[in-house]
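A short worksheet on the structure shown next.
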Amino acid sequence: MSTHELKTGPLEYRTQEGQMSILGFWIFLGAEVVLFSTLFATYAVLFGRTADAPVPADLFEPGITLVMTFLLLTSSFTCGLAIHQMRAGSLKGLITWLVITLGLGLGFLGFEIYEFIHYAHEGATLQSSSFWSAFFVLAGTHGVHVTLGIGWAVLLIIQLVKRGLTPVTSRKVFVISLYWHFLDVIWIFIFTSVYLIGMVV
Amino acid sequence: MQLDEFFVTGEPLIYGGMVSIVLVTSAIIFLLTYLKRWGWLWREWLTTVDHKKIGIMYILSALAMLFRGGVDALMMRVQLAFPNMNFLNSQHYNEIFTTHGTVMIIFMAMPFLVGLMNIIVPLQIGARDFAFPFVNAVSFWSFFFGAMLFNISFVIGGSPDAGWTSYTPLAGAALSPGPGQNFYLMGLQLAGIGTLATGINLMVTILKMRAPGMKMFDMPIFTWSTLVTSFIIIFAFPILTVALALLTIDRIFGSQFFTLTGEGMPMMWANLFWMWGHPEVYIVILPAFGIFSEIIATFARKQLFGYKAMVWSMILIAGLSFLVWVHHFFTMGAGALVNSVFSVSTMLIAVPTGVKIFNWLATLYKSRIQMTTAMMWSLAFIPSFVIGGVTGVMLGMAAADYQFHNSYFLIAHFHYVLIAGTVFACFAGLVYWYPKMFGHKLNERIGKHSFWWFLIGFHVCFFPQYFVGLDGMPRRVFAILPEWMPLNVISTVGAFGMGVGFVIFVYNIYYSYRYSKREEKGDAWDGRTLEWATPTPVPFYNFATLPEINGRDAFLSMKKNNETTFDEERLEPIHMPSNTGQPIIMMAILAFASFALVFEWIGLAVIGLIGTLIMMGIRSFDYDDGYHVEVDEIKKIERSARGL
Amino acid sequence: MSKNTKHVPVQHIIGFLLSIVLTLLAVWAALGSNLPVAWIIIAIMALAIIQAGIQLFMFMHMTESSSGGGHVPWNMMFHGFVLAAIIVAGSLFTMSFGFHHDHGSHTDHQEESSHQHD
Amino acid sequence: MKHMTKNKWFSFFLIGAVMLLSGCNQLVVFDPKGPVAQSQKDLIMYSLIFMMIIVVVVFVLFAFMVYKFRDRPNRKSSDYDPDIHGNTMIEIIWTVIPLAIVIALSIPTVQTIYDLEKPSAEGTDEEPLVIYATSADWKWFFSYPEQNIETVNYLHIPTGRDIEFRLSSADSMAALWIPALGGQKYNMAGMETVLYLQADEPGVYDGRNSNFNGEGFAKQTFKVHAESKEQFEDWVQSIQIEKPALTQEQYDTLLEPGLTNTMAFSSTHLQWVDHGTNEGRDYSIERHEDAYGKLLHLENINKSNQPQEVGE
């Protein structure tokens, strides 16, 4: 069936395989929504159960979280630009924007690691209470997703350099762009319901 | 760690288990070597990405698991019928009911149904294979290694013993130290990943790979049930993934989610577990409904009554299944409002289910029922399931549930729905599609023996349990009061009846392999749906050509119009995926990592995880496009298969 | 929807600016305004949902017709978010609300201890 | 063979009905000894009527269909119509009827749920008797704060008065179930659930933990002695006079996972810990951290494992 290749439209949609992979990934993202919402639910239920550890309002800082948010929002934007370049047929533009995206992602990760270490020094660790367990696992799961995304994107950049823009590589890049935007969606909710509400309540 | 801590010691039954594992394994190795079949095994089975072969491997594993779970069940029944014989002590009994429940739900019911879906769904919609054959193989091996990891626990490290629901704080590190509970967590996690991937795979397959002209409301009902099931899988399994991960982190890395220390919240586990657990019940029951619908329509020689109502009721059941989870812990004291809300939502499920029952009965109206074995399983399902269903409604009434909860009334209820629903469907489906899979039917006479043994055994086993439950007998006890004895003895007799039924069923597989007439045509039962349009054995590419489909019961109209799936004019090369060893290797490495995590060997686990990631990287760089089956070869295969 | 023929990705730039503005608005609502806490939570959650919509519709090409996916991506996201609401709200409903009861002095220990830090 | 199918079902159903009708008066849930169990029995009986109707209707229809439309020689050809695909009217009917049944079941269910959350109407002349029922692996502590006494693994209650059980657990989750008096509720550490029960008839009833909580689960049972108000007062007095006070040291020893005999004390453990509070949730875990992994090797005939009825 792959022989029936479309002649128009974005490269990634032209083959049946391409369409199916992208559709499958959307469905996977549906599952990811549920995965993260379970973590959010756990966090919400365990909210306030800090036992002897510090309370979030004392540790969360607006500055650093805002910087992290802007880093990730910008990386989502640059990732969108990368796809724009890809659809315009520019391999060089695509790779450039992808690399910028990854740089921003690495910056985000750096801040997150710094933040975690900082909290641990203040006495809030994974083990200290159920609230902090929920916090670290929720934020950490997002962080692990970002890390995997970076590793995955690096592999794709190598493939792009080797093979150029084909239906297969452009499909792969499109899928990771979905993943990256999705992680931004999740971060928006972490930023809002964990950090902002944690600072307010 | 000392060896005697690593291996479970001191139980004669477990030594027996060890010996038989060693014997069976060496027998298999010997046979494979003696018959020089290692290469065949690797090329034809272990590296296959063919949905039909993967489906067969699912079903074989599920039958093995049914045997294991069934032996557990019989051991429990023996203990309860002769509590003074001291057949099992308390600890051993706890381990056995835990593994019985887990194995039956996770490693028997689901893989059996997934196996049938694997084989049948692509054939029913006229597809070449799954949307992602590679992922399908990964799914199977993750299930397989998950099941192996879970099952090895009884000889290495010790079985989990906190019930299949694994409630915290009992299952937490403080109250259940040691690897037993970790086996449960890692085994389910591993299998769960595969199930989620299968759900996505099936959904894309059904949405994107239907035969030309086949609209959604033209799909065979089993395919519909698969689609709805995959929807539930996609939205329910991530909850399990998270719940298991949280408990794993609790146990291995010392977090405080479900602990008694650090202001943890043990009840949150029950909440998360049942948020997955209730939809899970429908994951194993909806495909069963689909199977029965197909079989009843086929052998009633009549189209399904109220097709659209059947589909919509399945969709409604799927939606409601996410809104009722609290009925598993009404007794938690969540308050009158919570209990009332969930009581009503629970009972509402009875409405679409009732609609389905009546539709099946109406399908029988003015039909011509052929009493084949598959049909008998399907017919027996209706009244048996109704008993389970009405008692389910009773359990849903929270105020009454305070008396039913945790009692044998509950046990009787869910065995009535899960055996009469799922297990009957597995047997019915296997009998029905057996000729499509293996090229010969199962013997009808022996099949009916096995049916009657199993059916009567089932009712004798579980019907008394309603009453012993109402007499106050709680579940999961290894010692009972004298007044519960008579009903328990009856139950045990019934359980052995079911055991005999199963043995006859397995014997039938052997007998039919030896003596059954080989199928010459693909259409063994004068079927209605597309899977019967292919020749038997099904060519590895499934369909050479497909006519334009319009309307339901596609094969029925094809037969009317004298169409086949072999139109020589329209032959084109068919693109096929190549076999690959990557899935089994990838999952073996992940299983190794999980095993290391069970014993909390963090270093080894990290190595295993890195290995898995490397395998995924290798896969990413793998641009193997598969190959094409040329027109001449298709012609040759189809002609010989169709005797042209 | 697809902008691949144009050279300036207008939609992306609008989306980006909107998300920056909405983020700042949420920060102001949470930390700068004097609204009651309940209103703050409602307001910033609403802003988050709008932002998620921006990502999905303006960045992720969710409704692109040439994808061949039909309504499925939209459908999966919609049901995913419905499920998310059920899971979060349902857990809070059954897990926190439930353990209140109105007698004597022993009520709501966990509530007290969880709010004493507030 | 085909004929058998129908008969088999019919006989199953008959046997079931007979067992049900004859068994009703002996099964403990159908033999209530108090208003709570009575209201639950009433609800179950009410639902059972609907369920029997459904079962009868389905079974009769099923038997008719299978018998009438089985494939056999010389069937009338008018009895076979493969093209019936549906009938909107009849489908609406069999959607509406189950819906009506669900509504008919929901109303009394919700009513009973709310009723069970407060003391029963019959016992309004007196305040409920408060008993703290605490589960610990694998024993029961019953503390009577007003009387300042505590019993282990047995319970005395006055008849005709509401008992307000305040349930909690020192470690694993349990459930207090006295089927003759009414349904169960969970005991959980760090939380307190309330269960109202009442006995109308004097007698000795079985009570147990019904929620699986480990090796000693099957043995975590107790007897409930329901007796007249005067007898209850006498019993309380005798405990207050004859039994020693409970020391924290002794209590901590008793908390260790394992089985114990029945005991009674003239003071309660509530003076130093209430496991239903956040502060009391890890009391036992901290003291017996290493004891939870040990096996009791509990076997059924080992008499020394079983709680003995002493000290009453």
**Q.** Engaged part of Asp42(D) at the chain B interface, taking heavy atoms whose separation is under 4.5 Å
**A.** neither
Q. For chain D, which of Asn94(B), Ile357(B), Val386(B) has the most heavy-atom pairs under 4.5 Å?
A. Asn94(B)
Q. What part of Phe97(B) gets closer than 4.5 Å to chain D, counting heavy atoms only: side chain, backbone, both or neither?
A. side chain
Q | Residue Phe87(B) excluded, over 12 heavy atoms near CZ under 6.0 Å | A | yes
Q | Pairwise side-chain hydrogen bond (donor to acceptor under 3.5 Å, both in side chains) hits with a residue in residues 350-363 of chain B, at least two apart | A | Ser293(B)-Trp360(B)
Q) Using a cut-off of under 4.5 Å for heavy-atom pairs, which of Ser210(D), Gly214(D), Ala291(D) has the most such pairs with chain B? A) Ser210(D)
(Q) Out of Ile84(D), Leu116(D), Thr95(D), return the one with the most heavy atom pairs under 4.5 angstrom to chain B. (A) Ile84(D)
Q. Given a strict heavy-atom distance threshold of 4.5 Å, which part of Ala300(B) is in contact with chain D: side chain, backbone, both, or neither?
A. backbone
(Q) With chain D as the partner, which of Leu364(B), Asn339(B), Thr165(B), Leu304(B) has the greatest number of non-hydrogen pairs under 4.5 Å? (A) Leu364(B)
Q | Toward chain D, the part of Asp161(B) with a non-hydrogen atom under 4.5 Å | A | backbone
Q: Could you tell me which portion of Leu175(B) (side chain, backbone, both or neither) has an atom closer than 4.5 angstrom to a non-hydrogen atom of chain D?
A: both
(Q) Quick check for you: among Pro108(D), Gly182(D), Ala189(D), which has the greatest number of heavy-atom pairs under 4.5 Å with chain B? (A) Gly182(D)
Q: Describe, in one word, how the ring planes of Tyr365(B) and Phe69(D) are oriented to each other, choosing from parallel (under 30°), tilted (30 to 60°) and perpendicular (over 60°).
A: perpendicular
Q. Relative to the ring of Tyr93(B), is the ring of Phe478(B) parallel (under 30°), tilted (30 to 60°) or perpendicular (over 60°)?
A. tilted
Q.
I need the residue from Leu170(B), Thr168(B), Leu481(B), Val393(B) with the largest number of non-hydrogen atom pairs under 4.5 Å to chain D.
A. Leu170(B)
**Q.** Mutual orientation of the aromatic rings belonging to Phe381(B) and Phe385(B) [parallel < 30°, tilted 30-60°, perpendicular > 60°]
**A.** tilted
Q | Region of Thr261(B) that comes under 4.5 Å of a non-hydrogen atom in chain D | A | both
**Q.** Side chain / backbone / both / neither for Leu195(D) at chain B, heavy atoms under 4.5 Å
**A.** neither
Q: Tell me, for Arg475(B) versus chain D, whether the close heavy atoms (under 4.5 Å) come from the side chain, the backbone, both or neither.
A: backbone
Q.
Please classify the contact of Thr259(B) with chain D as side chain, backbone, both or neither, using a heavy-atom distance under 4.5 Å.
A. backbone
Q: Identify which of Glu286(D), Arg208(D), Arg72(D) forms the greatest number of heavy-atom pairs closer than 4.5 Å to chain B.
A: Arg208(D)
Q: For the pair Phe458(B) and Phe462(B), name the ring-plane relationship: parallel under 30°, tilted 30 to 60°, perpendicular over 60°.
A: tilted
Q.
With chain B as the partner, which of Met173(D), Gln111(D), Lys68(D) has the greatest number of non-hydrogen pairs under 4.5 Å?
A. Met173(D)
**Q.** chain D contacts, top residue of Val355(B), Leu260(B), Val390(B), Asn89(B) (heavy-atom pairs, under 4.5 Å)
**A.** Leu260(B)
Q.
Between Met394(B), His92(B), Lys308(B), Gln370(B), who has the most heavy-atom pairs with chain D when the cutoff is under 4.5 Å?
A. Met394(B)
Q.
Closer than 4.0 angstrom, basic N to acidic O: yes or no for Lys185(D) and Glu117(D)?
A. yes
**Q.** Within-4.5 Å side-chain heavy-atom neighbours: Ser384(B) and His459(B)
**A.** yes
Q: For this output row, return yes or no: ring centroids of Tyr283(D) and His275(D) closer than 6.0 angstrom.
A: yes
**Q.** Min side-chain heavy-atom separation Ser343(B)-Ile113(D) under 4.5 Å
**A.** yes
Q: Please look at Trp94(D) and chain B and tell me whether the side chain, the backbone, both or neither of the residue comes under 4.5 angstrom of a heavy atom of that chain.
A: both
Q | Options Ile44(D), Asp115(D), Val96(D), Thr112(D), ranked by heavy-atom pairs under 4.5 Å with chain B, top entry | A | Ile44(D)
(Q) Shorter than 4.5 Å, heavy atoms on both sides: which option in His405(B), Glu483(B), Gln403(B) has the most such pairs with chain D? (A) Gln403(B)
Q. Taking NZ, NE, NH1 and NH2 as the nitrogens, is one of them in Lys366(B) or Asp81(D) under 4.0 Å from a carboxylate oxygen of the other?
A. no
